[in-house]
Amino acid sequence: MRATDVAALHDSVLTWYAAHRRDLPWRAPHRTPWGVLVSEVMLQQTPVVRVLPVWERWMDAWPTPADLAAEPSGTAVREWGRLGYPRRALRLHAAATAIRDLHGGEVPSDEETLRTLPGIGDYTAAAVAAFAFGRRATVVDTNVRRVHARALTGTALPAPSLTRAEVALATSLLPQDDAEAATWSVAVMELGALVCTARAPRCGECPVAGRCAWLRAGSPAHDGPARRGQAWAGTDRQCRGTLLQVLREVDGPVPGETLRAAWPGRGAARDASHELQRDRCLDALVAEGLVEPLAGDRYRLPGT
DNA sequence: TAGCCGTGGCA
DNA sequence: TTGCCAAGGCT
């Protein structure tokens, strides 16, 4: 893109963002780097509306990494509630412990160090560096990828997995100034979340519609390989979720009998293969540290 | 690297 | 109703 086109793109999106941005608590002026980090982990594959109440509770209970690290890991898993992917809670607890023990209790500000923390990958490291510390970092999430795919590449959806070319494109669009770069990143993400949505984009409200390559091409349908749906009914994921839900909702240790009765439910679905699946999933949860086995065939969330 | 890892709302 | 999707990370 020509420099003048990039500048016009910046102006359009930043002006739109200033007028339409949501006042999310992790964007408030008094936010802390820890609050930003917690929000970014919770937001991984999880909608904002579901994160909001859990984030508020977590920040009230554990305003610093050391506060969370002082708890048993199972407490983090319990307070994670139904956000999904509960291993994130475990990793967040481990990250808090590492921050306390290895980084003087302060969230690191550079991407490289952030990436060493459990549960912090390329996206989250860049997001924390940018949004918590105002660093110039290339933030590429699913929203950014979709906006770039449409507005610049002209396709309905990005490729299944992130490519080097996409990262290079995002970097090429990043303003030189640190603070402006961070605002640009969150603005593009917000545009993707509110206007340039996956299923029914609101092109009539889009500040970039006039220069959108996808619109100009006639909004062609996605022509790549169909996206693989994630199976659910009867899968290990459902089984693990069911077992963990029992442990979350009960205070203290649960008899193995109670746990086993939760899967696969009642009636004809109960057979030997389901029991094998159930036992395999429980073993895996224990191996991953999400469940702690106790003497006398009892189980609990670790340390609780 | 492709597959796995939760959960719930919406078109 | 059901498949798709939501601020990914890990192996």
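Reminder, nothing fancy here: chain letters follow the sequence lines and each chain counts from 1.
Here A:A127 lies out of heavy-atom contact (under 4.0 Å) with every strand. As judged by a 4.0 angstrom heavy-atom cut-off over every strand, A:S39 is placed among residues making no nucleic acid contact. Across all strands, A:G84 comes closer than 4.0 Å to base atoms (heavy-atom distances). Within the nucleic acid shown, A:L83 comes within 4.0 Å of at least one base atom, counting heavy atoms only. At the heavy-atom level, A:W26 lies under 4.0 Å from base atoms of the strands shown. Counting non-hydrogen atoms under 4.0 angstrom, A:R115 reaches nothing in the nucleic acid. Counting non-hydrogen atoms under 4.0 angstrom, A:P47 reaches a base of the nucleic acid.
Looking at the side chain of A:R199, the nearest of the listed nucleotides C:dG8, B:dG6, C:dC4 is C:dC4.
Nearer to the 5' terminus of DNA chain C, by closest-nucleotide assignment, is the contact made by A:L157 (compared with the other of A:L157 and A:R87). Where A:T46 and A:D122 meet DNA chain C, the nucleotide closest to each residue was compared, and A:T46 sits on the side nearer the 5' end.
The CZ atom of A:R21 sits 15 Å away from the C1' atom of C:dA7 (whole-angstrom rounding). Atom P of nucleotide C:dG8 and atom CG of A:L92 are separated by 15 Å, given to the nearest angstrom. If you measure from atom CZ of A:R91 to atom C1' of C:dC10, you get 6 Å, rounded to the nearest angstrom.
Note: A:W58 and A:W80 meet the aromatic proximity criterion, with ring centroids under 6.0 Å apart.
Distances shown here put a side-chain N or O of A:R146 below 4.0 Å from the OP1 or OP2 atom of C:dA6. In terms of phosphate contacts, A:Q45 brings a side-chain nitrogen or oxygen within less than 4.0 Å of OP1 or OP2 of C:dG8.
Counting distance only, with no hydrogens placed and no angle test, the side-chain atoms of A:T142 and the base atoms of C:dG8 include no donor-acceptor pair under 3.5 Å. A donor-acceptor contact under 3.5 Å links the side chain of A:R50 to the base of B:dT7.
Within the 4.5 Å cutoff, the side chain of A:R27 has heavy atoms near those of the A:V186 side chain.
Both A:L290 and A:V246 are assigned to one and the same hydrophobic cluster, defined by single-linkage of ILVMFWY side chains at heavy-atom distances under 4.5 Å.
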Open item on the list: Is there a side chain to side chain contact (heavy atoms under 4.5 Å, CB included) between A:R82 and A:Q245? Walk through the geometry before answering.
Closed with: CA-CA 8 Å; A:R82 303 185 67 84; A:Q245 185 179 354; 2.7 Å; yes
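Formation of a donor-acceptor pair under 3.5 Å by the A:W26 side chain with backbone atoms of A:F131 is not found in this model.
Of the P atoms belonging to B:dG6 and C:dT11, the separation is 14 Å, rounded to the nearest Å.
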